[in-house]
Amino acid sequence: MFNMAEKLLNSSRNRFCFNKSLQLAYLNDLAQDNGKLWFGTAADIPGTAEQTDKDYLRILTNPKNFGEITPANMMKFMYTEPQQNVFNYTGGDYVLSLAEKNGMRVRCHNLVWTSQISDWVTSGTWTAATLTAVMKNHIYNLVTHWGNRCYSWDVVNEALNSDGTFSSSIWYDTIGPEYIFLAFQFAQEAVKKTGKDIKLYYNDYGIENPGTKTTAAYNLVKELQARKIQIDGVGLESHFKVGSTPSVAAQVAAKKGFLDLGVDVAITELDVRFVAAPYYTAAGEATQAQNYYDSVVSCMQVGRRCRGITVWDFDDKYSWVPSAFAGQGGADIYNETLQRKPAYYAIAEAITGVPCTVC
Ligand code: G3I
């Protein structure tokens with residue numbers, strides 16, 4: 001087994017000792033040359049410092065770097081329907097226009113989730129019927145408004161607990177598990193109204209290796225299929241911690257389980273965070289590089305129907321991690337000064353299968 005960490009540590013040169021042909025590599029170019037639709041990234045724009053950071057934007061908008069952008073927040077419920085039946089498409093339009101200008105796809109994210117819901121929903125008094133109508137109206141408006149400017153929609157996000165039961169949310173608590181099937185049914189109806197090809201995904205974390213939650217996700221796919229409700233793919237978020245990323249074999253097995261059901265997969269939110277500083281030691285970055293390598297190579301090994309790899313933020317400078325997990329960070333493939341890290345080159349080697357030849 002090719003061990004990135006050892007090569008990095010034992011290299012007689014600096015830690016950026018990599019195959020020379022890859023040192024100038026661009027990850028989306030490599031991904032699309034090797035059967036993927038994209039190497040992409042989430043972006044928390046507009047309305048944040050990123051929107052005016054020229055160095056950040058130079059990397060983000062280069063189609064050689066990224067062939068897909070996922071809006072980290074701007075298409076979520078609280079931003080798109082801030083008041084009942086009043087829709088705000090400004091943030092989503094911004095991301096879509098930026099992506100389209102640079103020939104990038106957009107994974108639109110997300111329609112139904114337990115977080116970042118508008119106050120009028122969470123503070124409302126709902127019956128199953130009235131909240132179902134709210135959900136239907138939201139889904140119909142967003143899907144028909146943006147049409148196939150969205151390559152795909154994460155229709156339902158993170159609906160499962162680690163033990164495979166359904167997670168609590170206003171949707172589940174008010175409507176019951178039926179909300180999941182209704183959400184996909186409404187999305188399917190809205191897609192049909194557009195007459196366009198828009199992929200419908202279930203998206204979750206903790207389903208990157210075999211286990212109870214992954215089995216529950218398989219069952220969700222099977223139930224949707226049994227009801228003849230459209231589901232085209234499953235997003236494996238792939239939020240990992242340095243040193244505790246599932247093995248390549250485990251990640252391949254989990255992906256194959258979904259592919260065997262006839263749905264596509266994608267790595268949708270890849271990052272590998274340090275649970276404590278320091279984040280930039282040679283040993284730590286070598287392990288992190290190995291972790292990135294293992295996840296990406298699992299997508300390569302299962303073939304084209306692992307459609308693409310998206311990192312969730314590409315840089316430590318604006319990463320979501322520190323504000324979500326105090327003391328944790330260094331999760332991304334560019335550092336805080338927007339320089340490529342060993343993980344970047346590890347991804348290049350995972351995509352191309354070109355081992356390091358100058359170490
Ligand atoms: O918009 C406000 C802004 O007005 C305010 O000044 C600022 C400071 O308080 O907060 C801004 O809102 C933040 C928002 O991101 C937009 O930047 C929220 O506080 C912050 O909690 C929110 O975090 C997002 C998180 O989802 C919410 O759970 C992250 O950016 C986003 O990357 C993250 O993404 C999720 C995926 O959607 C689903 N999978 C997990 C992933 C990580 O949690």
Side-chain angles (χ1 to χ4, degrees), residues 40-53 56 60 66 68-83 88-92 94-95 98 106-119 121-122 138 142 150 152-162 167-172 180 183 200-208 213-214 217 233-241 245 265-275 295 308-334:
T41 183
D44 188 11
I45 51 174
T48 56
E50 293 92 310
Q51 189 180 356
T52 54
D53 182 328
Y56 172 88
L60 176 68
F66 304 113
E68 185 273 335
I69 294 181
T70 304
N73 290 293
M74 280 301 146
M75 290 186 176
K76 291 172 177 174
F77 205 113
M78 66 181 284
Y79 296 103
T80 50
E81 194 178 353
Q83 299 163 54
N88 179 348
Y89 298 115
T90 312
Y94 181 95
V95 177
L98 186 82
V106 176
R107 295 194 72 260
C108 293
H109 172 86
N110 57 57
L111 292 169
V112 178
W113 188 25
T114 184
S115 298
Q116 296 177 280
I117 306 170
S118 308
D119 290 344
V121 176
T122 49
H138 186 78
L142 267 63
C150 295
S152 64
W153 269 105
D154 289 336
V155 177
V156 173
N157 195 62
E158 302 173 10
L160 295 168
N161 293 315
S162 55
S167 52
S168 174
S169 67
I170 190 165
W171 313 107
Y172 178 77
I180 297 170
L200 301 181
Y201 272 66
Y202 174 71
N203 189 56
D204 211 336
Y205 63 89
I207 57 173
E208 298 87 3
K213 184 172 180 177
T214 305
V234 173
L236 291 78
E237 293 184 14
S238 307
H239 290 294
F240 297 131
K241 294 175 188 170
T245 300
V265 294
I267 295 178
T268 53
E269 305 188 10
L270 178 60
D271 51 28
V272 185
R273 67 181 186 266
F274 288 89
V275 296
S295 186
I309 299 114
T310 298
V311 289
W312 198 256
D313 298 326
F314 61 82
D315 63 293
D316 297 340
K317 183 174 180 182
Y318 298 111
S319 170
W320 68 282
V321 169
S323 56
F325 303 106
Q328 304 189 34
D332 297 317
I333 61 176
Y334 290 75

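Atoms within a ligand are numbered from 1 in the order they appear, just like the ligands themselves. Reckoned from all heavy atoms, side chains included, excluding hydrogens, waters and symmetry mates. In this text the structure is predicted, and so the values were computed from the model without any measurement.
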(request) Please report which non-hydrogen protein atom sits nearest to atom 23 (O) of ligand 1, along with the residue it belongs to and the distance in Å to one decimal place. (result) Asn73 OD1, 4.3 Å

(request) Establish, from distance only, whether the side-chain atoms of Asp53 and Tyr318 form a donor-acceptor pair under 3.5 Å. (result) yes

(request) Distance to 0.1 Å, residue and atom name: give those for the protein heavy atom nearest to atom 43 (O) of ligand 1. (result) Trp320 CZ3, 3.5 Å

(request) Find all atoms of ligand 1 within a distance of less than 4.0 Å from any non-hydrogen atom belonging to Glu237, and give their numbers and elements. (result) 39 (N), 40 (C)

(message) If I compare all heavy atoms of His239 with all of Asp271, which pair ends up nearest, and what's the gap?
(response) ND1-OD1, 2.8 Å

(request) Record the part of Asn157 in heavy-atom contact with ligand 1 below 4.0 Å; permitted values are side chain, backbone, both and neither. (result) side chain

(message) Tell me the closest heavy-atom pair linking Ser167 and Asn161, and the distance in Å.
(response) CB-OD1, 3.3 Å

(message) Can you report which non-hydrogen protein atom sits closest to atom 17 (O) of ligand 1, along with the distance?
(response) Asp44 OD2, 2.8 Å

(request) Show which atoms of ligand 1 fall inside a sub-4.0 Å distance from at least one heavy-atom site of Glu158. (result) 38 (C), 39 (N), 40 (C)

(request) Return yes if some donor-acceptor pair links the side-chain N/O of Glu68 with the main-chain N/O of Thr310 below 3.5 Å, else return no. (result) no

(message) Please report whether ligand 1 has a polar contact with Thr48, defined as an N or O pair separated by less than 3.5 Å (distance criterion only).
(response) no

(request) Please indicate, with yes or no, if any protein heavy atom is found under 4.0 Å from atom 10 (O) of ligand 1? (result) no

(message) As a test of the contact definition, would atom 38 (C) of ligand 1 count as having a protein heavy-atom neighbour under 4.0 Å?
(response) yes

(request) Look only at the side chain of Trp171 and the backbone of Trp113, and say whether a donor-acceptor pair between them is shorter than 3.5 Å. (result) yes

(message) Protein non-hydrogen atoms only, distance under 4.0 Å: does atom 6 (O) of ligand 1 have such a neighbour?
(response) no

(message) Please report the interatomic distance CD(Glu237) to CD1(Ile267), rounded to the nearest 0.5 Å.
(response) 12.0 Å

(request) List the closest protein heavy-atom neighbour of atom 41 (C) of ligand 1: residue, atom name, distance to the nearest 0.1 Å. (result) Glu269 OE1, 3.4 Å

(request) Nearest heavy atom to atom 35 (C) of ligand 1 wins, so pick from Met78, Lys76, Glu50. (result) Lys76

(request) With rounding to the nearest 0.5 Å, note down the distance linking CH2 in Trp153 to CE in Met75. (result) 5.5 Å

(message) Can you report which non-hydrogen protein atom sits closest to atom 34 (O) of ligand 1, along with the distance?
(response) Trp312 NE1, 3.3 Å

(message) Restricting to non-hydrogen atoms, name the atom on Ser118 and the atom on Met78 that form the minimum distance, rounded to 0.1 Å.
(response) OG-CA, 3.2 Å

(request) Measure the CG-CG distance between Leu111 and Leu142 for me, rounded to the nearest 0.5 Å. (result) 6.0 Å

(message) Considering non-hydrogen atoms of the protein only, which is the closest contact for atom 28 (O) of ligand 1, and what is the distance?
(response) Trp113 CH2, 3.6 Å

(message) Under 4.0 Å from atom 19 (O) of ligand 1, is there at least one protein heavy atom?
(response) no

(message) Between Phe325 and Trp320, is the ring centroid distance below 6.0 Å?
(response) yes

(request) Looking only at distances, please establish whether an N/O atom of ligand 1 is found under 3.5 Å from an N/O atom of Asn110. (result) no

(request) Give a yes or no on whether the backbone of Pro71 and the side-chain of Lys76 come within a donor-acceptor separation of less than 3.5 Å. (result) no

(request) Please state whether Tyr79 comes within less than 4.0 angstrom of ligand 1, counting heavy atoms only. (result) yes

(request) Only counting residues at least two apart or in another chain, list the ones meeting side-chain hydrogen bond (donor to acceptor under 3.5 Å, both in side chains) with Asn157. (result) Asn203

(request) Starting from atom 36 (C) of ligand 1, locate the nearest protein heavy atom and write down its residue, its atom name and how far away it is, to 0.1 Å. (result) His109 NE2, 3.4 Å

(message) Starting from atom 25 (C) of ligand 1, what is the nearest protein heavy atom, named by residue and atom, and what distance separates them?
(response) Gln116 OE1, 3.9 Å

